[in-house]
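For reference, the structure discussed in these notes is given below.
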Amino acid sequence: MLLNIFTYTYLSVDFGLMDICRVVESVGEGVEDITEGDHVLTIFNGECGECTYCKLKTTNLCAKFRVDPLQSVMRNDGKTRFLTQDGKPIYHFLNTSTFSEYTVVDSACVVKINPKAPLNTMTLLSCCLSTGIGSVINTANIHQGSTVAVFGLGAVGLAAILGAKTRGASTIIGIDINNDKRSKGQTLGMTNFINPSDLKTSVHEKIRDMTEGGVDFSFECAGNLDLLREAFLSTHDGWGLTVVLGIHPTPRTLPLHPMELFDGRAIIGSVFGGFKGKTQLPLFVNQCLRDLKLLEEFITHELPFNNIDQAFELLIRGKSLRCLLHL
């Protein structure tokens, strides 16, 4: 198992996960693709490059380093790299361990990026932008003129809107109960906005009326099973595709009857937007360099790390997309 040690640079607050951009301080024995001083992104869905999954073009999962919230130690020795002052272990989280100035990460979860890329915006590509945009271009592979509905306009949902605009979607409908998300969505390419609280009918019926039978693609980005059903039913029968991006609570299961799939609608999940982190993310970084102003739209606040509680509160209240923290 190859290890890298990094100095902390920038991080942005998300629920359960931190988007991180770092500078390499030192590398472990045997590491050949990363060197001291490299600018890197840490990724929660790693890529070892050697397993059956990594060698397939049809998946971005990895047998060893795929996203696993239950994995709390380093994989090579089953131990942590952090201790409290009295010697008790502090456990790792999602392959990144990012609430620290220095951290140790498996090389499979490290992506070397263009050193010209500004670290403050590139931190967004460790999770939210890659997940949202990637779900559109990799998982759904939407086409010019597609009709799209995005349920939940947090950072991931807004990134899906941006991806849909980039792919030339003709109609992009954003759905959220927070009216403040309307203007940001319009800036990124949204053509229509629906607040379910304002409707006397169901969301999917409203969307079907707007789009002559339903959208080609819907993206569920809220982690709400009732909303997932609305997203599924908002797509056109015969060819509609729903992509699941939200993190859903257990133990509830999909609110679908198997026979509903016989109408030709499909549903699929997307992890990290379908990107293979180490091989594809550097190319995505270079593409993002062409229009950094749109990426900057996602950073709504900046705070010192000591105010991290305030950053989470801004998220909870729907006042922030990404809050950049400075250590």
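Source: prediction; values computed, not measured.
- Between Val23 and Leu119, some side-chain heavy-atom pair lies under the 4.5 Å cut-off.
- Exactly one residue among Thr96, Val24, Val110 makes a side chain to side chain contact (heavy atoms under 4.5 Å, CB included) with Val105. That residue is Val110.
- Atom CG of Leu56 sits in a crowded spot, with more than 12 heavy atoms from other residues, nucleotides or ligands closer than 6.0 Å.
- A donor-acceptor contact under 3.5 angstrom links the side chains of Thr139 and Ser270, judged on distance only.
- The CG atom of Asp216 sits 9.0 Å away from the OG1 atom of Thr235 when rounded to the nearest 0.5 Å.
- At a cut-off of 3.5 Å, with distance as the only test, a side-chain donor of Ser218 or Thr242 sits close to an acceptor on the other residue.
- Ring geometry for Trp239 against His236 counts as parallel: the plane angle stays under 30°, on a 0 to 90° scale with 60° as the upper cut.
- For Glu205 and Ser202, the side-chain atoms include at least one donor-acceptor pair closer than 3.5 Å.
- Between Glu47 and Lys64 there is no salt bridge, since no side-chain N of the basic residue sits under 4.0 Å from a carboxylate O of the acidic one.
- Between Leu225 and His248 the shortest side-chain heavy-atom distance falls below 4.5 Å.
- Hydrophobic clustering keeps Ile142 apart from Ile175 (ILVMFWY residues linked when any side-chain heavy atoms are closer than 4.5 Å, directly or through intermediates).
- The pair Asp176-Arg182 does not meet the salt-bridge criterion, since no charged nitrogen lies less than 4.0 angstrom from a carboxylate oxygen.
- Here the closest non-hydrogen pair linking Asn60 and Phe275 is ND2-O, 2.9 Å.
- No side-chain heavy atom of Asn138 sits less than 4.5 Å from a side-chain heavy atom of Phe284.
- Within the 4.5 Å cutoff, the side chain of Asn141 has heavy atoms near those of the Arg167 side chain.
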Step by step, work out the side chain to side chain contact (heavy atoms under 4.5 Å, CB included) result for Arg22 and Thr103. CA-CA 10 Å; Arg22 299 179 181 270; Thr103 191; 3.4 Å; yes
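- Arg81 places none of its side-chain heavy atoms less than 4.5 Å from the side chain of Ile90.
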Apply side chain to side chain contact (heavy atoms under 4.5 Å, CB included) to the pair Phe65 and Ile43, showing each step before the final yes or no. CA-CA 10 Å; Phe65 299 102; Ile43 52 175; over 6 Å; no
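- Listed here is the closest heavy atom pair of Ala160 and Val136: O-CG2, 3.4 Å.
- What you find for Ala159 and Leu129 is that their closest heavy atoms are CB-CD2, 3.7 Å.
- A 4.5 Å side-chain heavy-atom check between Asn95 and Val67 finds every atom pair outside the cut-off.
- No continuous path of ILVMFWY side-chain contacts below 4.5 Å connects Phe272 to Ile247, so the two sit in separate hydrophobic clusters.
- In terms of heavy-atom proximity, Cys288 sits nearest to Leu125 at SG-CD2, 4.0 Å.
- Between the CG atom of Leu325 and the OG1 atom of Thr123 there is a distance of 9.5 Å, given to the nearest 0.5 Å.
- Proximity of a side-chain donor or acceptor of Glu36 to a complementary backbone N or O of Asp38 within less than 3.5 Å is not detected.
- With rounding to the nearest 0.5 angstrom, the CG atom of Asp68 is 11.5 Å from the SG atom of Cys62.
- Legend: salt bridge (Lys or Arg N to Asp or Glu O under 4.0 Å) pairs involving residues 273-297, not counting sequence neighbours, sorted by first then second residue: Asp33-Lys278, Lys184-Glu297.
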Thr147 and Met210: CA distance, side-chain angles, deciding distance, side chain to side chain contact (heavy atoms under 4.5 Å, CB included) verdict: CA-CA 10 Å; Thr147 54; Met210 294 170 60; over 6 Å; no
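- Members clustered with Met259: Phe262, by chain and number, using a 4.5 Å side-chain heavy-atom cutoff among hydrophobic residues.
- Going from atom OG of Ser126 over to atom CG of Leu41 covers 4.5 Å, rounded to the nearest 0.5 Å.
- Neither side chain, Thr191 nor Thr171, offers a donor N or O lying under 3.5 Å from an acceptor on the other.
- With a 6.0 Å radius and a threshold of 12 heavy atoms from other residues, nucleotides or ligands, Lys181 has its NZ atom above the threshold.
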Donor-acceptor pairs under 3.5 angstrom involving side-chain atoms of residues 148-157: please list them, not counting sequence neighbours.
none

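- Interatomic distance, Ser135 OG to Phe217 CZ, rounded to the nearest 0.5 Å: 11.0 Å.
- A salt bridge between Asp226 and Arg252 is present, with a side-chain N of the basic residue lying under 4.0 Å from a carboxylate O of the acidic one.
- Side chains of Glu260 and Phe232 form a contact here, defined as non-hydrogen atoms less than 4.5 Å apart.
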Determine, stepwise, if the pair Met74 / Val104 fulfils side chain to side chain contact (heavy atoms under 4.5 Å, CB included). CA-CA 9 Å; Met74 301 300 291; Val104 181; 4.2 Å; yes
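- Both Ile137 and Val111 belong to a single network of hydrophobic side chains, linked directly or stepwise wherever heavy atoms of I, L, V, M, F, W or Y lie under 4.5 Å apart.
- By the neighbour-count criterion of 12 heavy atoms within 6.0 Å, atom CG of Leu294 is densely surrounded, having more than that number from other residues, nucleotides or ligands.
- Annotation: side chain of Asn307 is not in contact with side chain of Phe305 (no heavy-atom distance under 4.5 Å).
- Leu241 and Ile161 fall within a single hydrophobic cluster, where Ile, Leu, Val, Met, Phe, Trp and Tyr are joined by side-chain heavy atoms under 4.5 Å apart, directly or via other members.
- Separation of atoms CZ (Arg208) and OG1 (Thr201) is listed at 10.5 Å; rounding is to 0.5 Å.
- Across all non-hydrogen atoms, the minimal contact from Ser130 to Leu281 is OG-CD1, 3.5 Å.
- Here the two rings, on Phe82 and His92, have centers that are under 6.0 Å apart.
- When all heavy atoms are compared, the tightest approach of Ile177 to Pro196 is CG2-CD, 4.0 Å.
- Using a distance-only test at 3.5 Å, with no hydrogens or angles considered, no donor-acceptor pair links the side chain of Ser234 to the main chain of His204.
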